[in-house]
Novice: 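After the structure tokens below, expect a handful of questions from me.
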Amino acid sequence: MIDKFEDIQAWQAARELTKQIYLLCQDEALASDFGLRDQIRRSAVSIGSNIAEGYGRNSRAELIRFLRISQGSAYEFRSQLYTLLDANYIDAGTFQRLHDLSVTSANLIGGFLRYLEKSKANRS
């Protein structure tokens, strides 16, 4: 049962992803690339924030809408990871670890969306 947004597995995964990217952004080279650093932080933060905001709207339709936005942010984040890799800010191992976290986040969001949409259809 979900009593608060913190109970949502997708939010929990997004929180871990955000934590990891903030730790990574402390690296001196990436810390000085303000544009990329800020963009990847924003996309990571957006994943969990949109889950929380959608939940807080107290409407299934709004939750679904914000989950879709959150999932888009997860894909945006994943694309930015390739930029970090290509710019040599991260190595292949770090890329894979963060990539896996972003895939997990997106998959959990997608699963939650399917559940909400299916249960909505069953109620009609």
Novice: Does any donor atom in the side chain of S43 or R78 lie under 3.5 Å from an acceptor atom in the other side chain?
Specialist: no
Novice: Do L108 and L116 share a hydrophobic cluster (ILVMFWY, side-chain heavy atoms under 4.5 Å, transitive)?
Specialist: no
Novice: How many angstroms lie between CD1 in I40 and CG in D38, if you round to the nearest 0.5 Å?
Specialist: 11.0 Å
Novice: Can you tell me how far CD of Q96 sits from CG of D91, rounded to the nearest 0.5 angstrom?
Specialist: 11.0 Å
Novice: Kindly say whether E76 contributes a backbone atom to a donor-acceptor pair with the side chain of S79 at under 3.5 angstrom?
Specialist: no
Novice: Decide whether L36 and F77 are clustered together by the hydrophobic rule: side chain heavy atoms of Ile, Leu, Val, Met, Phe, Trp, Tyr closer than 4.5 Å, transitively.
Specialist: yes
Novice: Tell me whether Y75 is reachable from V103 by hopping between hydrophobic residues (I, L, V, M, F, W, Y) whose side-chain heavy atoms are closer than 4.5 Å.
Specialist: no
Novice: Mind checking the CD1-OG spacing from I64 to S59? Nearest 0.5 Å is all I need.
Specialist: 8.5 Å
Novice: Salt-bridged, D7 to K4, with N to O below 4.0 Å?
Specialist: yes
Novice: Could you tell me if Q12 and E16 have a donor-acceptor pair between their side chains, going purely by distance under 3.5 Å?
Specialist: no
Novice: Which is it for L85 and T94 under the side chain to side chain contact (heavy atoms under 4.5 Å, CB included) test, yes or no, and what are the steps along the way?
Specialist: CA-CA 9 Å; L85 180 65; T94 301; over 6 Å; no
Novice: Do R114 and E117 meet the salt-bridge criterion of a basic N to acidic O distance under 4.0 Å?
Specialist: no
Novice: Could you check whether R57 makes a cation-pi contact with F66, meaning its NZ or CZ is under 6.0 Å from the centre of the six-membered ring and within 45° of the ring axis?
Specialist: no
Novice: Determine whether L24 and F95 fall in the same hydrophobic cluster, where Ile, Leu, Val, Met, Phe, Trp and Tyr are linked whenever their side-chain heavy atoms lie under 4.5 Å apart.
Specialist: yes
Novice: Yes or no on side chain to side chain contact (heavy atoms under 4.5 Å, CB included) for S32 and R37, after CA distance, side-chain angles and deciding distance?
Specialist: CA-CA 8 Å; S32 64; R37 181 200 66 203; over 6 Å; no
Novice: Could you state the interatomic distance from OG (S49) to CZ (F5), rounded to the nearest 0.5 Å?
Specialist: 8.5 Å
Novice: Looking at R15, I'd like to know if its CZ atom is crowded, meaning that more than 12 non-hydrogen atoms belonging to other residues, nucleotides or ligands lie closer than 6.0 Å.
Specialist: no
Novice: Evaluate the side chain to side chain contact (heavy atoms under 4.5 Å, CB included) criterion for residues L84 and I21: first the C-alpha distance (whole Å), next the side-chain angles of each, then the deciding distance (0.1 Å), finally the verdict.
Specialist: CA-CA 11 Å; L84 292 180; I21 202 62; 4.3 Å; yes
Novice: Please name the pair of heavy atoms, one in E6 and one in W11, separated by the smallest distance, quoted to 0.1 Å.
Specialist: CA-CE3, 3.7 Å
Novice: Measure the CZ-CD distance between F112 and Q71 for me, rounded to the nearest 0.5 Å.
Specialist: 12.5 Å
Novice: Would L23 end up clustered with V45 when hydrophobic side chains under 4.5 Å apart are linked, directly or stepwise?
Specialist: no
Novice: We want to know whether D33 and Y89 form a side-chain donor-acceptor pair, criterion being a heavy-atom distance below 3.5 angstrom.
Specialist: yes
Novice: Shortest non-hydrogen contact from S105 to L17?
Specialist: OG-CD2, 4.3 Å
Novice: Going by distance alone, is a donor N or O of one side chain under 3.5 Å from an acceptor N or O of the other, for Q39 and R42?
Specialist: yes
Novice: About how many Å separate CD of Q80 and CG of D86, when rounded to the nearest 0.5 Å?
Specialist: 13.0 Å
Novice: Has Q20 got more than 12 heavy atoms of other residues, nucleotides or ligands less than 6.0 Å from its CD?
Specialist: yes
Novice: Could you check L67 against I51 for side chain to side chain contact (heavy atoms under 4.5 Å, CB included), going step by step and ending with a plain yes or no?
Specialist: CA-CA 6 Å; L67 286 171; I51 294 168; 3.8 Å; yes
Novice: Would you find a donor on one side and an acceptor on the other, under 3.5 Å apart, between the side chain of T18 and the backbone of A44?
Specialist: yes
